[in-house]
Amino acid sequence: MAAPETARGARRWWEEHSELDALVAVVVEALGRGEIQPAARGLEDLSTALETHFGIEESAYFPMVERLSPEHGAALNAAQLSHRLLRKNLEDLRVLIDGGDLAAARSGLDVLLERFRSHEVEEAKLIARLEELSTR
């Protein structure tokens, strides 16, 4: 892949993370107001978007990185593990919200957000390294 295409892909990857942040905010705000149904709908939207995002990363971006820069294999494996853990956290949070336990749902959301933010930080580092490669 040519350097400009790699840079565009990295920018789009980052834009997708910004879109996910907006969906997270919907769930945070609904739980903060104690509104179960809006929180459940927001979580469903977030889950759908995350699954789409993860699918694109796992089927397109990660293989591209693997081909262009095999030395990033460990970072890609860590990202895939993070995806599995985030999926589990989403399911756990769904159960808590569906059960109407606001306190536990807020705690579950905190766990999900902490893992999601760590995931974003690690992917941001990877994106920065890819952008650096594309300018060489």
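In what follows, every heavy atom counts, from backbone to side chain, and hydrogens, waters and symmetry copies are set aside.
Separating the CD atom in E57 from the CG atom in L50 is a distance of 9.5 Å, to the nearest 0.5 Å. Rounded to the nearest 0.5 angstrom, L96 CG and L112 CG are separated by 11.0 Å.
Among pairs with a residue in residues 97-116, those fulfilling side-chain hydrogen bond (donor to acceptor under 3.5 Å, both in side chains) read N89-R115, at least two apart in sequence or across chains. For residues 81-115, the pairs satisfying ring-ring contact (aromatic ring centres under 6.0 Å, His included) are F54-H83, F62-H83, H83-H119, with sequence neighbours left out. Under the ring-ring contact (aromatic ring centres under 6.0 Å, His included) criterion, no residue pair touches residues 86-115, with sequence neighbours excluded.
Considering only residues two or more places apart in sequence or on other chains, R117 meets the salt bridge (Lys or Arg N to Asp or Glu O under 4.0 Å) condition with none of them. Legend: residues meeting side chain to side chain contact (heavy atoms under 4.5 Å, CB included) with A25, ordered by chain and number and at least two apart, are E29.
Closest non-hydrogen pair, E123 versus A79, comes out as OE2-CB, 4.0 Å. The minimum heavy-atom distance between P63 and A60, with the atom names listed, is CD-O, 3.3 Å.
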N/O donor-acceptor pairs under 3.5 Å from side chains in residues 37-47, not counting sequence neighbours:
unit_1: S47; atom_1: OG; unit_2: L43; atom_2: O; d: 2.9
unit_1: S47; atom_1: OG; unit_2: R94; atom_2: NH2; d: 2.8

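Under the 4.5 Å side-chain heavy-atom criterion for ILVMFWY residues, a single connected hydrophobic cluster contains both L113 and I97.
Panel note: side chain S82, backbone A78; no donor-acceptor pair is recorded below 3.5 Å.
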Start with the C-alpha gap between L81 and N77, add the side-chain angles, then the distance that decides, and say whether side chain to side chain contact (heavy atoms under 4.5 Å, CB included) holds.
CA-CA 6 Å; L81 173 61; N77 289 337; over 6 Å; no

Residues E120, D21; criterion side chain to side chain contact (heavy atoms under 4.5 Å, CB included); working and verdict
CA-CA 10 Å; E120 284 189 310; D21 289 340; 3.1 Å; yes

